[in-house]
Amino acid sequence: MNYYSTRDTERKTAKTSAEVIKQGIADDGGLFMPESIPSIDLDYIKGLCDKTYIERAAEVLSLYLTDYTKEELAKAASAAYAEDKFIGGAAPVVALGESVRVLELWHGPTCAFKDMALQIMPRLLSMALDKTGEKRQAVILVATSGDTGKAALEGYCDVERVKICVFYPNDGVSDMQKLQMASQKGDNVYVCAINGNFDDAQTGVKKIFSDKAIADELDAKGYFLSSANSINWGRLAPQIVYYISAYCDLVKSGDIKLGEEIDVAVPTGNFGNIFAAYLAKRMGLPVRKLVCASNKNNILTDFLETGTYDRNREFYTTMSPSMDILISSNLERLLYCVAGAEKTRAYMAALSSDGKYTVEPEVFAEIKKNFTGLYSDEEKTARTIKSIFDKYSYIVDPHTAVGIGAALDAYNNDGVKVVTASTASPYKFPYDVIKSLGEEASDNAFECLDKLSALTSTEIPAPLARLKSAEVRFKETVGKDTAELWAAAERFITK
């Protein structure tokens with residue numbers, strides 16, 4: 001399986017999966033995509049139903065990562081999804097009433113869905129260095145809106161031949177997310193806040209990646225840049241697995257019959273999580289409709305309603321900060337799948353120069369065949385958190401509430417189950433969950449943890465409970481300009 005950039009109009013540069021996992025972003029600024037999307041049929045899905053999540057992961061990833069052996073993938077999956085890392089299972093499915101099924105993706109070491117990819121990705125990168133004969137050390141640069149940063153730090157902590165540097169918006173993450181990152185242990189990690197939003201951090205990191213002078217400087221010192229964001233195929237491919245796995249679990253439990261269609265609702269800002277579901281659908285998973293759920297920053301909803309993507313708009317800081325994004329990087333991959341490299345290159349050029357683009361009617365019509373865009377404002381998100389708890393005694397975080405709200409809006413009583421991705425533990429956002437339940441919340445994050453546990457008779461996840469005694473290691477804040485981000489990263493890399 002070869003991979004090409006989404007902007008490579010002539011398919012000039014073919015790369016293996018190990019090469020693209022090592023490199024992260026393409027030289028032309030595009031994102032890597034496989035030359036074709038593998039097909040699976042009902043017999044294949046049936047064969048996965050009696051397998052464990054670890055076995056399913058190795059099987060599905062082997063369809064894309066063809067220069068890795070099945071034995072290598074099985075070993076990586078076994079280490080990544082071990083029971084001591086994913087308490088309660090890697091991706092269990094919970095029923096809420098007749099229609100909604102919640103795919104809980106937050107049982108990993110950082111209590112967020114990013115663990116599903118970022119526990120296995122470092123292992124894939126380590127193997128990629130050997131497979132490609134790489135002698136330099138990798139420097140992982142990450143821009144995060146909250147969860148990716150901690151999951152990447154945890155995954156790459158003390159991994160040999162790797163350093164990792166994470167930038168996050170100082171006022172754009174929850175107190176719990178900030179403490180998780182700032183207290184990260186490990187000699188090879190660095191965390192820095194920026195005075196800006198996530199898009200500023202992401203833009204700065206992407207500019208660093210595309211700066212040849214920086215690349216040459218690092219090369220001379222024995223380093224190269226790579227990414228852990230979902231722009232890296234090594235982050236996205238493992239996300240395909242859990243949608244296929246969820247379908248298998250529904251079949252195995254008798255909730256649906258093999259071949260029966262489901263809908264999938266995903267709360268998303270950067271589009272990577274729902275694009276993984278789209279790939280599963282393209283592969284042959286019986287998915288009818290993909291519901292793209294946005295928060296008040298509803299740029300994706302507007303795009304899916306009009307065909308125009310316009311980031312020239314007000315940016316909102318919400319109770320679902322991981323979705324506070326106006327530049328959805330992985331949408332480029334969907335455009336490539338539907339419109340091809342030439343048009344995708346033109347769209348991205350227009351986005352860079354004008355902050356917007358409009359797809360052609362035939363492209364928009366093809367996208368609309370698969371996607372529905374819906375969103376929840378702050379008030380609706382809070383109502384969803386409360387109504388789900390009141391009705392089912394089940395607590396959800398604000399991101400999951402956005403997804404469930406969209407799932408309920410999209411459901412039309414035709415019997416099709418709606419699988420909703422639950423992307424974070426509610427305990428990562430205790431203040432907002434408590435307020436949504438109609439209770440007073442303390443400004444102290446740990447008092448909020450205790451109160452949420454008492455209110456809901458649920459247990460605080462161990463990784464978050466341990467933060468009470470964690471030492472804050474990283475306190476630096478820099479401006480949002482690319483030069484300031486790079487200066488901070490360079491100090492860490494070369495110290």
So, F275 versus Y336, ring centres under 6.0 angstrom or not? no

When you compare the side chain of N197 with that of S145, does any pair of heavy atoms fall below 4.5 Å? no

Should K343 and E366 count as an ion pair when the cut-off is N to O under 4.0 Å? no

Would V291 and L374 count as a side chain to side chain contact (heavy atoms under 4.5 Å, CB included) if you check the C-alpha gap in whole Å, the side-chain angles of each, and the deciding distance to 0.1 Å? CA-CA 7 Å; V291 181; L374 297 168; 4.0 Å; yes

Determine, stepwise, if the pair E71 / K75 fulfils salt bridge (charged side-chain N to carboxylate O under 4.0 Å, His left out). CA-CA 6 Å; E71 290 74 21; K75 182 179 179 181; over 6 Å; no

Just do the salt bridge (charged side-chain N to carboxylate O under 4.0 Å, His left out) check on D409 and K380 with the steps written out, would you? CA-CA 12 Å; D409 286 346; K380 181 178 178 180; 2.2 Å; yes

Value rounded to 0.5 Å, distance of CD1 in I244 from CD in Q239: 12.5 Å

Output, in order, the C-alpha distance, side-chain angles, deciding distance and verdict of salt bridge (charged side-chain N to carboxylate O under 4.0 Å, His left out) for K185 and D158. CA-CA 9 Å; K185 296 180 180 180; D158 290 330; over 6 Å; no

Whether H107 side chain and I87 backbone form a donor-acceptor pair below 3.5 Å: yes

Verdict with reasoning, N270 to N330, per side-chain hydrogen bond (donor to acceptor under 3.5 Å, both in side chains): CA-CA 6 Å; N270 215 7; N330 278 285; 5.0 Å; no

Identified side-chain contact (heavy atoms from CB on, under 4.5 Å) partner of V102 from the options I404, V93, V419: I404

Kindly determine whether I140 and K163 satisfy side chain to side chain contact (heavy atoms under 4.5 Å, CB included), including the steps that lead there. CA-CA 6 Å; I140 309 293; K163 291 187 175 185; over 6 Å; no

So, for A151 and L118, which heavy atoms are closest and what is the spacing to 0.1 Å? CB-CD1, 3.6 Å

With a 4.0 Å cut-off, would you call D199 and R311 a salt bridge? no

Taking atom types as modelled, find out whether Q177 and K428 have a side-chain donor-acceptor pair closer than 3.5 angstrom. no

Here the gap from N188 atom CG to C165 atom SG, rounded to the nearest 0.5 Å, amounts to 11.5 Å

Go through Y309 and I299 one step at a time and tell me if the side chain to side chain contact (heavy atoms under 4.5 Å, CB included) criterion holds. CA-CA 7 Å; Y309 191 95; I299 188 169; 3.4 Å; yes

Where do W106 and S422 land on the side-chain hydrogen bond (donor to acceptor under 3.5 Å, both in side chains) test, with the steps shown first? CA-CA 7 Å; W106 43 262; S422 178; 3.0 Å; yes

Taking all non-hydrogen atoms of both residues, which atom of A91 and which atom of Y53 are closest, and how far apart? CB-CE1, 4.0 Å

Considering all heavy atoms of both residues, which atom of V287 and which atom of L290 are nearest to each other, and what is their separation? CG1-CD2, 4.0 Å

For residues Y427 and I395, report the shortest heavy-atom separation together with the two atoms involved. CE1-CD1, 4.2 Å

Side-chain heavy atoms of Q137 within contact of F224, under 4.5 Å: no

Of all the heavy-atom pairs spanning L31 and S329, show the shortest one and how long it is. CD1-O, 3.5 Å

Can you see which heavy atom on A265 is nearest to which on V418, and at what distance? CB-CG1, 4.1 Å

State whether R288 and D414 are salt-bridged, where the test is any N-O pair (Lys NZ or Arg NE/NH1/NH2 against Asp/Glu carboxylate O) under 4.0 Å. yes

If you measure from CE on M323 to CG on L300, what distance do you get to the nearest 0.5 Å? 8.5 Å

For residues R161 and D130, determine if any side-chain heavy atom of one lies less than 4.5 Å from a side-chain heavy atom of the other. yes

Surrounding CD of E35 (heavy atoms of other residues, nucleotides or ligands, distance under 6.0 Å), is the total greater than 12? yes

Going through the distances and angles, do L335 and M348 end up as a side chain to side chain contact (heavy atoms under 4.5 Å, CB included)? CA-CA 10 Å; L335 297 173; M348 294 302 102; 3.8 Å; yes

Do any N or O atoms from the side chain of D115 and from the backbone of T110 form a donor-acceptor pair under 3.5 angstrom? yes

Nearest 0.5 Å please: distance from the CG atom of L304 over to the CD1 atom of I367. 7.0 Å

Has Q184 got a side-chain atom pairing as donor or acceptor with M181's backbone, closer than 3.5 angstrom? no

Strictly by modelled atom types, are N298 and Y316 linked by a side-chain donor-acceptor pair under 3.5 Å? no

Does atom NZ of K207 have more than 12 heavy-atom neighbours from other groups under 6.0 Å away? no

Using only heavy-atom distances, determine whether the side chains of T132 and E19 contain a donor-acceptor pair under 3.5 Å. no

Give, for atom CG of N229 and atom CZ of F209, the distance between the pair rounded to the nearest 0.5 Å. 7.5 Å

Compute the centroid of each ring, for Y278 and then for F371, and state whether the two points are separated by less than 6.0 Å. yes

Report yes or no: is the cationic atom of K15 (NZ for Lys, CZ for Arg) closer than 6.0 Å to the six-membered ring centre of Y3, at no more than 45° off its axis? no

Would K131 and Y68 count as a cation-pi pair here, with the cationic atom under 6.0 angstrom from the ring centre and within 45° of the axis? yes

Value rounded to 0.5 Å, distance of CD in E261 from NZ in K417: 13.0 Å

What I want to find out is whether D249 reaches R56 closely enough, with some N-O distance under 4.0 Å, to be called a salt bridge. yes

Under 6.0 Å from the six-membered ring centre of Y4 and within 45° of its axis: does the NZ or CZ of R11 meet both? yes

Go through the steps for T148 and K114 under the test side-chain hydrogen bond (donor to acceptor under 3.5 Å, both in side chains), then give the verdict. CA-CA 6 Å; T148 290; K114 307 296 176 69; 2.6 Å; yes

Would you sort out whether E72 and R123 count as a salt bridge (charged side-chain N to carboxylate O under 4.0 Å, His left out), showing the intermediate values? CA-CA 10 Å; E72 288 173 328; R123 294 168 172 83; over 6 Å; no

With a 6.0 Å cut-off (strictly less than), is the heavy-atom count around CD of E362, excluding the residue itself, greater than 12? yes

Give a yes or no on whether E305 atom CD has more than 12 heavy-atom contacts from other residues, nucleotides or ligands under 6.0 Å away. yes

Regarding K178 and the six-membered ring of Y168, is the cationic atom NZ or CZ under 6.0 Å from the ring centre and inside 45° of its axis? no

Aromatic centroids of F429 and H399 separated by under 6.0 Å: yes

Scan side-chain atoms only and decide if N295 and D324 contain a donor-acceptor pair under the 3.5 Å cut-off. yes

Are the side chains of L236 and R333 in contact, using a 4.5 Å heavy-atom criterion? yes

Using the rule given for side-chain hydrogen bond (donor to acceptor under 3.5 Å, both in side chains), can you reason through T203 versus D200, listing the C-alpha separation, both sets of side-chain angles and the distance that settles it, and then say yes or no? CA-CA 5 Å; T203 297; D200 296 322; 5.9 Å; no

